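Everything numeric in this text was worked out from a predicted model, so none of it was measured. All values below come from the heavy atoms of this structure, side chains included, with hydrogens, waters and symmetry mates left out. Here is how names work: the chains are called A, B, and so on, in the same order as the sequence lines, proteins then strands, and each is numbered from 1.
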2 protein chains.
Amino acid sequence: MTGIRDVAREVDMSTASVSRALRGLPGVSPETRERVLEAARRLGYVASPQAAGLASGTTRTIGVIVPFVTRWYFSWIVQGAQDRLRGEGYDLLLANLGGDAAARERMLATRYLAKRVDALLVLALTPTPEEEQNLRTLGLPIGLVGARVDGFCCVDIDDLAVSAQAVDHLVGLGHRRIAYVGGGLEDTLDKRAPRLRAEGWRAAMQRHGLDVLPGYDEAGDFTMAGGERAATRLLALPERPTAIYAASDEMAIGVLRALRTAGLHAPEDISVLGVDDQEMASFVDLTTIHQPVREQGEAITDMVLAALDTGAGQPTEHRTFPTHLVPRASTGPPASGSRTLPR
Amino acid sequence: MTGIRDVAREVDMSTASVSRALRGLPGVSPETRERVLEAARRLGYVASPQAAGLASGTTRTIGVIVPFVTRWYFSWIVQGAQDRLRGEGYDLLLANLGGDAAARERMLATRYLAKRVDALLVLALTPTPEEEQNLRTLGLPIGLVGARVDGFCCVDIDDLAVSAQAVDHLVGLGHRRIAYVGGGLEDTLDKRAPRLRAEGWRAAMQRHGLDVLPGYDEAGDFTMAGGERAATRLLALPERPTAIYAASDEMAIGVLRALRTAGLHAPEDISVLGVDDQEMASFVDLTTIHQPVREQGEAITDMVLAALDTGAGQPTEHRTFPTHLVPRASTGPPASGSRTLPR
DNA sequence: TTGAAAGCGCTAACAT
DNA sequence: ATGTTAGCGCTTTCAA
């Protein structure tokens with residue numbers, strides 16, 4: 001494997017000068033640089049990141065901690081991050097927890113990543129106080145997506161506003177019995193968005209003077225199957241909702257499926273609304289709250305990269321992205337006699 | 001940042017012994033090991049992978065080259081890989097091309113990854129002869145998913161058989177005019193699966209003595225939108241197909257959408273069949289060919305890990321996973337008078 | 001503008 | 001069972 005010494009020998013110079021030339025540092029005559037670059041190219045030389053890192057104290061690697069790679073939201077954040085990293089010369093170390101709490105512990109509560117990466121992106125995980133303390137002592141720029149903690153770069157959406165947009169839309173159509181499908185006990189990793197969206201839904205209901213009936217807050221685990229089960233339970237309620245607001249498109253699609261199984265249709269029988277606006281939503285004509293996901297990944301990466309550039313220790317930039325309603329065919333006015341509709 | 005010397009000082013031993021103790025190497029008394037582990041834990045010591053790698057010549061990192069992270073198939077392969085890596089103490093370096101040919105060039109045609117990873121997983125990319133040559137000279141165990149090249153570990157499915165299963169099913173239902181929706185000019189990265197599935201479709205048609213009518217081979221770019229456009233073109237054909245076989249569920253769902261827009265229904269008017277069997281397929285009741293994706297990711301990782309363990313240079317294990325038809329409601333017998341059905 | 005020399009924090013080979 | 005001694009392949013002073 002050709003090393004910097006091979007290149008140095010080739011151009012008959014010291015490794016120090018070769019290193020300088022290759023990295024574009026000042027103090028190298030243009031012609032020398034050209035000769036070095038040419039030789040390096042010819043020999044197929046690539047610097048060992050290990051050796052370079054050991055000597056310079058950097059890794060040129062960004063760590064990304066993600067609860068699941070297979071979910072739409074997370075994969076698009078990663079996509080956005082990599083869009084920015086590509087070209088900046090940073091590699092991406094993917095720490096995929098796969099929903100595993102032990103893996104979370106290893107990544108967030110130890111110094112495992114400290115010597116591996118120059119900065120850290122943490123997706124949709126609000127650190128516990130201990131984790132927060134640990135992250136702080138890592139001494140790296142850290143970016144949080146879908147969380148908001150002082151002393152870290154943060155990017156998120158206003159989850160309370162998301163629910164307000166959803167409920168306002170439904171109320172505007174004439175709905176009064178609006179149920180919510182959100183997270184559940186199983187999602188041990190990301191609790192913030194589900195909680196805030198539930199809270200926002202309750203707040204909006206109250207603002208409109210509407211009651212939250214018993215059983216109207218259901219767990220959907222952020223999966224299609226979970227949404228389907230949740231809707232099935234909602235349909236069995238004595239006072240059936242006229243609209244179901246699900247905290248993700250996946251769950252909303254599950255809800256639609258449950259309706260169909262029950263021989264019901266959206267929006268004639270029940271209106272359904274989701275969150276995310278992924279491609280599938282347009283396919284099933286699902287009214288949803290759009291959030292810019294890829295952009296959030298790009299933004300957090302930019303922040304962290306900037307911190308790396310300026311050498312500023314722990315920057316504290318917070319940015320909340322706007323969301324908006326995308327009206328489609330799954331929501332409409334409640335069935336006229338819905339209040340007295342037989343089950 | 002605490003280093004191995006801090007630990008050594010703490011237990012009053014040499015760094016060599018501490019290193020041995022920490023890595024579980026033989027030649028350390030049990031009580032010494034315990035003392036060392038305790039001290040390391042107490043000090044929050046984590047070995048620098050850079051220094052360790054530089055000294056040992058390994059990186060404990062596996063590189064994964066993926067065309068897109070946001071697509072269902074790729075994210076599940078990555079998930080499968082990480083399932084196996086977790087616990088084995090390997091990190092995962094994600095090289096996401098994002099569909100970018102320049103990024104492919106940098107990852108596949110240079111030595112960029114040579115000093116960064118111990119092994120490489122390449123997803124759904126058949127290397128060009130030059131790339132193949134380059135990969136070989138990297139001297140790493142290399143695993144290919146969705147490709148088949150001598151001298152590399154390979155995992156795939158039989159794409160010809162996939163199409164045969166699809167066509168056989170449709171012919172069994174009585175269809176004779178079966179169109180295909182596959183890749184397109186745009187998918188510069190992964191050409192193999194689209195090509196083989198197209199080939200398999202033609203072969204199966206021929207085997208059944210059926211003609212491939214003009215315009216029956218459409219490009220769908222492996223996206224929902226592409227599938228929708230392809231189906232729209234197929235519906236405008238003078239001799240409309242009675243069945244559409246799409247090479248992915250995403251495209252098949254796009255096809256269903258086009259049907260709906262045209263006021264048609266599956267399977268009464270036209271049967272639709274996909275490939276993958278992702279969660280969404282069951283939701284839209286799409287008949288499809290199931291392939292085990294996560295398992296392919298696990299398998300290729302196992303192979304490469306085994307090569308790493310045994311130190312065998314370039315192993316050559318090939319494994320083809322079985323696929324099977326999952327019949328659902330999107331396929332059925334052709335409309336009785338379909339042959340003479342007006343457009 | 002260039003070179004010499006001293007590490008970076010570990011592991012590995014060889015002693016003891 | 002433990003310690004000593006060289007590096008691994010770069011970058012970074014400090015000199016020239």
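A sub-4.0 Å separation between OP1 or OP2 of D:dT2 and a side-chain N or O of B:Ser29 is present. The phosphate of D:dA1 has neither OP1 nor OP2 within less than 4.0 Å of any side-chain N or O from B:Thr32.
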B/S/- contact track for nucleotides 10-16 of chain D, protein heavy atom under 4.0 Å: BSB----
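A donor and an acceptor atom, one from each side chain of B:Ser19 and B:Arg23, are located under 3.5 Å apart.
Rounding to whole angstrom units, CE of residue B:Met13 and C1' of C:dC10 are separated by 16 Å. B:Leu54 has its CG atom 4 Å from the C1' atom of D:dC8, to the nearest Å. Between the CG atom of B:Asp6 and the C1' atom of C:dC10 there is a distance of 13 Å, rounded to whole Å. Per the geometry, CG belonging to B:Leu22 stands 15 Å off C1' belonging to D:dT2, to the nearest Å. Between the CZ atom of A:Arg116 and the C1' atom of C:dC10 there is a distance of 13 Å, given to the nearest Å.
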Residue pair A:Asp118, A:Thr59: steps toward the side chain to side chain donor-acceptor pair (under 3.5 Å) verdict: CA-CA 6 Å; A:Asp118 290 346; A:Thr59 65; 2.9 Å; yes
Stepwise salt bridge (Lys or Arg N to Asp or Glu O under 4.0 Å) test for B:Arg35 and B:Glu10: CA-CA 10 Å; B:Arg35 270 177 55 230; B:Glu10 186 78 7; over 6 Å; no
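Relative to the six-membered ring of A:Phe74, A:Arg71 misses at least one condition, a distance below 6.0 Å or an angle of at most 45° to the axis. With A:Tyr112 as the aromatic partner, A:Arg116 meets the cation-pi criteria of under 6.0 angstrom to the ring centre and within 45 degrees of the ring axis.
Residues passing the side chain to side chain contact (heavy atoms under 4.5 Å, CB included) test with B:Asp83 are B:Gln79, B:Arg86, B:Arg294, B:Glu298, sequence neighbours excluded.
Put simply, CD on A:Glu34 and CD on A:Glu31 are 10.5 Å apart, with the number rounded to the nearest 0.5 Å.
Partner A:Asp156 forms a side-chain hydrogen bond (donor to acceptor under 3.5 Å, both in side chains) with one of A:Arg319, A:Gln296, A:Arg192, A:His318 and no other, that one being A:Arg192.
In the helix from C:dT1-D:dA16 to C:dT16-D:dA1, the terminal helix axes, each the rotation mapping four pairs' C1' atoms onto the next four within five end pairs, subtend 30°, rounded to 10°.
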